[in-house]
2 protein chains.
Amino acid sequence: MVTIPSRRKRATIHDVAVEAGVSRGTVSRVVNDEPYVSASARTAIEAAIEKVGYVPNNAARSLVMQRSEAVGFIVHEPHSLFLDDPNIGGILLGANTVLSRSDYQMVSLVIDSQRDTDRVARYLSGGFVDGVIIVSARREDPITRVIEKLRLPAAFVGHPPEQSPLPFVGIDNRASARAITERLMQTGRQRIGMVAAALDRDSGADRLAGFTDALGDRFNPALVARVPLYTFTDGVKGMCALLERDPLIDGVFAASDAVAAGALEALRHAGRSVPGDVGIVGFDDSSWALRTQPHLSTVHQPAFGLGERAAECVLGQLRGEEQPADGILLETPIIWRDSA
Amino acid sequence: MVTIPSRRKRATIHDVAVEAGVSRGTVSRVVNDEPYVSASARTAIEAAIEKVGYVPNNAARSLVMQRSEAVGFIVHEPHSLFLDDPNIGGILLGANTVLSRSDYQMVSLVIDSQRDTDRVARYLSGGFVDGVIIVSARREDPITRVIEKLRLPAAFVGHPPEQSPLPFVGIDNRASARAITERLMQTGRQRIGMVAAALDRDSGADRLAGFTDALGDRFNPALVARVPLYTFTDGVKGMCALLERDPLIDGVFAASDAVAAGALEALRHAGRSVPGDVGIVGFDDSSWALRTQPHLSTVHQPAFGLGERAAECVLGQLRGEEQPADGILLETPIIWRDSA
DNA sequence: GGGTTTTCTGTGAACGTACACAGATTAGGT
DNA sequence: ACCTAATCTGTGTACGTTCACAGAAAACCC
């Protein structure tokens with residue numbers, strides 16, 4: 001009868017040591033290429049590693065080293081973020097680029113339910129990551145408490161959580177909204193409205209605030225349509241509402257590019273030309289901006305840069321450097337295209 | 001002089017034991033809520049855990065348990081996938097949903113460079129994950145070899161890697177392309193062309209093959225425009241090429257919804273009406289499909305379902321169940337809207 | 001050739017947990 | 001009151017590394 005070695009155990013550093021006729025210590029030195037190992041020992045060990053198919057066990061390593069060389073990238077509310085938010089991919093890649101350069105493994109953790117929250121909290125607590133980057137749409141995030149309690153090096157991206165000492169990297173939504181609204185006013189529009197979205201989030205509220213800042217005395221509360229989400233369909237609805245309230249409206253600031261695309265659709269339906277009858281500007285400079293006809297004038301959101309800076313912030317903390325208590329705000333250039 | 005406990009060491013199970021006046025074993029039983037522990041001990045231990053702020057160390061646990069309760073989700077070529085591929089988010093959420101239900105932590109690993117490939121390979125080797133789901137656009141993926149060598153439970157999603165025994169979950173691109181082309185033919189179109197994209201990938205090549213299958217004798221090689229990527233801009237280019245070759249073209253199968261959106265743009269520019277002059281169908285049923293005017297008739301790709309099945313496949317292997325050697329193909333219903 | 005430095009190697013302890021085992025206590029049935 | 005069974009608890013070992021330390025060997029200098 002033949003015994004089937006259905007699942008052979010993984011080779012350990014000890015197996016390599018006996019195979020090469022040396023001690024564990026010497027093998028360890030070769031694996032982490034430290035000095036003070038003879039040429040003969042080195043070649044023997046390398047051959048042995050190849051022969052037994054040795055790969056170091058990270059769990060054991062991070063247990064004794066007290067670190068994992070990994071940084072978590074937490075995405076909360078993925079339904080809205082992954083499927084609608086065009087920035088998330090850029091942030092992710094920016095963060096990965098920086099972490100990769102320092103040989104940190106980025107692991108993204110998706111939180112999609114209460115169960116996920118608990119599990120991710122356990123994961124973070126368990127020493128599987130040395131730091132964490134959080135992209136959250138929520139003002140108050142239960143995972144924030146866990147991170148604070150663990151004193152885990154962290155960085156928020158997008159906008160800061162309420163009442164949290166954690167550092168963050170973001171953009172100045174209010175100033176950017178003000179800037180692009182002023183630019184729209186300079187085109188000579190007289191009746192400017194806004195489709196404001198996601199007012200329950202900092203970003204949404206700030207964009208509306210920037211809009212009113214820009215209009216000053218000329219602000220007309222009736223020309224603000226409020227919709228729940230940064231989506232195409234909410235853009236359609238919001239624009240329809242504005243047209244009903246003022247058929248002569250000639251300028252619109254949409255809270256996001258997706259909203260702007262929806263507004264464009266509503267205007268087309270209503271027989272208005274853009275930018276002829278109505279000038280419209282968006283926010284994000286996402287892939288939406290070039291998919292519409294005409295292309296959108298919008299505020300560029302430096303997604304990749306946000307990811308990079310967040311990663312640098314976490315790496316800095318890992319190196320023991322003190323980080324600025326205030327958040328970092330990145331520049332948001334205005335991209336002027338054809339829609340206004 | 002006051003000593004500042006700048007970074008207090010994390011409490012261990014041993015600290016809890018001392019605090020509660022019991023042994024490590026009993027604490028362990030409480031933490032993993034096993035039976036055979038008295039009510040008094042339990043309350044004392046729970047209080048002690050709270051007091052010293054104990055959180056179990058996963059690295060130590062997975063070292064002794066020889067498993068990590070985590071499954072990797074590898075995304076290769078994120079530039080094209082995250083930013084253009086509308087399916088990735090759905091796959092990710094589907095996989096997470098299933099894994100979450102079994103209390104597995106899903107960790108996504110992004111491969112964006114050679115350096116990343118090596119690091120991810122080390123990460124997988126190191127015992128940080130018990131299994132892996134791979135979403136790759138590449139036919140030949142270096143990470144595949146690593147996984148095979150490690151005998152790590154795995155599942156490919158999208159389409160199978162070449163010459164690999166690893167199980168996969170996907171759709172039948174060829175049959176789906178054939179089906180929707182036939183549906184387009186049934187609308188009475190006489191001169192049907194295709195904007196074929198990404199012919200270096202299985203999906204791209206299969207979609208073209210399905211198209212020629214459907215046309216049979218009526219296939220006209222001149223009416224196939226080949227473009228490199230599944231993108232909007234390539235769609236514009238491809239459609240322009242088709243219009244040049246046959247100005248009377250009245251039906252188009254676009255290799256993806258993004259390509260179809262580009263084609264629509266080109267047709268609008270050329271003054272053709274859709275679906276009046278030209279009928280057009282896409283592939284993916286992505287968010288593009290409802291953003292265009294008119295909405296796209298397309299092949300629905302069950303992204304969420306693909307993720308679910310891939311996760312189930314990996315979980316099955318972890319439970320020791322034998323998996324079907326052949327891949328699993330999911331249904332792809334045709335969604336008929338206004339563009340044809 | 002003796003002493004000092006440099007290079008190389010092996011050993012034991014530690015990291016924080018789970019688990020098997022043994023021992024102690026309590027409960028249950030005659 | 002005794003025996004058996006059930007319940008509860010503590011101890012030692014193992015998981016696979018890294019690191020400090022102690023020696024051994026080689027190299028170098030007067």
Side-chain angles (χ1 to χ4, degrees), chain A residues 7-46 48-49 52-70 122-128 130 150, chain B residues 7-46 48-49 52-70 122-128 130 150:
Chain A
R7 205 185 246 289
R8 201 179 27 177
K9 289 203 56 166
R10 289 257 304 269
T12 75
I13 204 170
H14 182 255
D15 300 328
V16 177
V18 287
E19 177 69 31
V22 295
S23 73
R24 296 181 344 258
T26 312
V27 178
S28 179
R29 275 182 281 267
V30 168
V31 171
N32 305 342
D33 49 32
E34 289 168 12
Y36 299 139
V37 38
S38 66
S40 60
R42 169 158 276 131
T43 53
I45 289 169
E46 278 163 355
I49 286 175
V52 304
Y54 169 72
V55 279
N57 181 317
N58 268 328
R61 166 177 281 166
S62 60
L63 175 60
V64 63
M65 303 278 281
Q66 302 285 61
R67 64 202 150 91
S68 61
E69 316 255 277
R122 283 210 310 274
Y123 192 84
L124 297 180
S125 313
F128 277 165
D130 298 336
L150 290 170
Chain B
R7 205 185 243 291
R8 202 181 26 179
K9 289 203 55 169
R10 290 257 304 269
T12 75
I13 204 170
H14 181 254
D15 300 328
V16 177
V18 192
E19 177 69 31
V22 296
S23 73
R24 300 183 336 260
T26 312
V27 177
S28 178
R29 275 182 281 266
V30 168
V31 171
N32 305 343
D33 51 34
E34 289 168 11
Y36 298 141
V37 39
S38 66
S40 61
R42 168 158 277 132
T43 53
I45 290 169
E46 278 164 354
I49 286 175
V52 304
Y54 169 73
V55 278
N57 182 318
N58 268 329
R61 166 178 281 164
S62 60
L63 174 61
V64 62
M65 303 278 284
Q66 302 287 61
R67 63 203 150 89
S68 61
E69 316 257 277
R122 283 210 311 274
Y123 191 85
L124 297 180
S125 311
F128 277 165
D130 299 337
L150 290 169

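Chain naming here is simple, since letters A, B, ... match the order of the sequence lines and numbering starts at 1 in each.
Across the protein-nucleic acid pair, A:R122 atom CZ and C:dT17 atom C1' stand 15 Å apart, rounded to whole Å. In this structure, B:H14 atom NE2 and D:dG12 atom P are separated by 12 Å, rounded to whole Å. Atom CG in B:D33 sits about 15 Å away from atom C1' in C:dA18, given to the nearest Å. Atom-to-atom, CZ of A:R10 to C1' of D:dG16 comes out at 10 Å; the value is rounded to the nearest Å. Look at CD1 on B:I13: it is 19 Å from P on D:dT13, rounded to the nearest Å. Rounded to whole Å, the distance from CZ on A:R67 to P on C:dG16 is 15 Å. Between the OH atom of B:Y36 and the C1' atom of C:dA24 there is a distance of 15 Å, given to the nearest Å. The nearest whole Å value for the distance from the CD atom in B:E69 to the P atom in C:dT17 is 15 Å.
Panel note: side chain B:R10, backbone A:S125; a donor-acceptor pair is recorded below 3.5 Å. Panel note: side chain A:N57, backbone A:A59; a donor-acceptor pair is recorded below 3.5 Å. A donor-acceptor pair under 3.5 Å is absent between the side-chain atoms of B:D33 and the main chain of B:V30, judged by distance alone. Judged purely by atom type and a 3.5 angstrom limit, B:S62 uses its side chain to pair as donor or acceptor with the backbone of B:N58.
Between C:dA14 and A:Q66, no contact under 4.0 Å exists linking OP1 or OP2 to a side-chain N or O. Not one side-chain nitrogen or oxygen of A:S28 sits closer than 4.0 Å to the OP1 or OP2 atom of D:dT17.
Of the listed nucleotides (D:dT17, D:dC19, C:dG16), D:dC19 has the atom at the smallest distance from the side chain of A:E34. Side-chain proximity of B:S23 to D:dG10, D:dG16, C:dA18: nearest is D:dG10. Which of D:dC19, D:dT17, D:dA14 sits closest to the side chain of A:M65 comes down to D:dC19. Side-chain proximity of B:Y54 to the nucleotides D:dT9, C:dC19, C:dT17 is greatest for C:dT17.
Residue contacts for A:A41: at a heavy-atom cut-off of 4.0 Å it reaches the sugar-phosphate backbone alone, with no base atom in range. Looking at heavy-atom distances under 4.0 Å, A:V30 makes no contact with the nucleic acid at all. B:P56 comes within 4.0 angstrom of the backbone, heavy atoms only, and of no base. B:V31 comes within contact range of no nucleotide atom at all, as no heavy-atom separation falls under 4.0 Å.
Mapped onto DNA chain D by nearest heavy atom, A:R24 and B:T26 fall at different nucleotides, with B:T26 at the one closer to the 5' end. Position along DNA chain D of the nearest nucleotide to B:S38 versus B:L63 favours B:S38 as the more 5'-ward residue. The 5' end of DNA chain C is approached more closely, in terms of each residue's nearest nucleotide, by B:N32 than by the other of B:N32 and B:R29.
Here the closest heavy-atom approach between residue A:E69 and residue A:D130 is recorded as N-OD2, 2.8 Å.
For the pair B:P56 and B:I13, the minimum side-chain heavy-atom distance is 4.5 Å or more.
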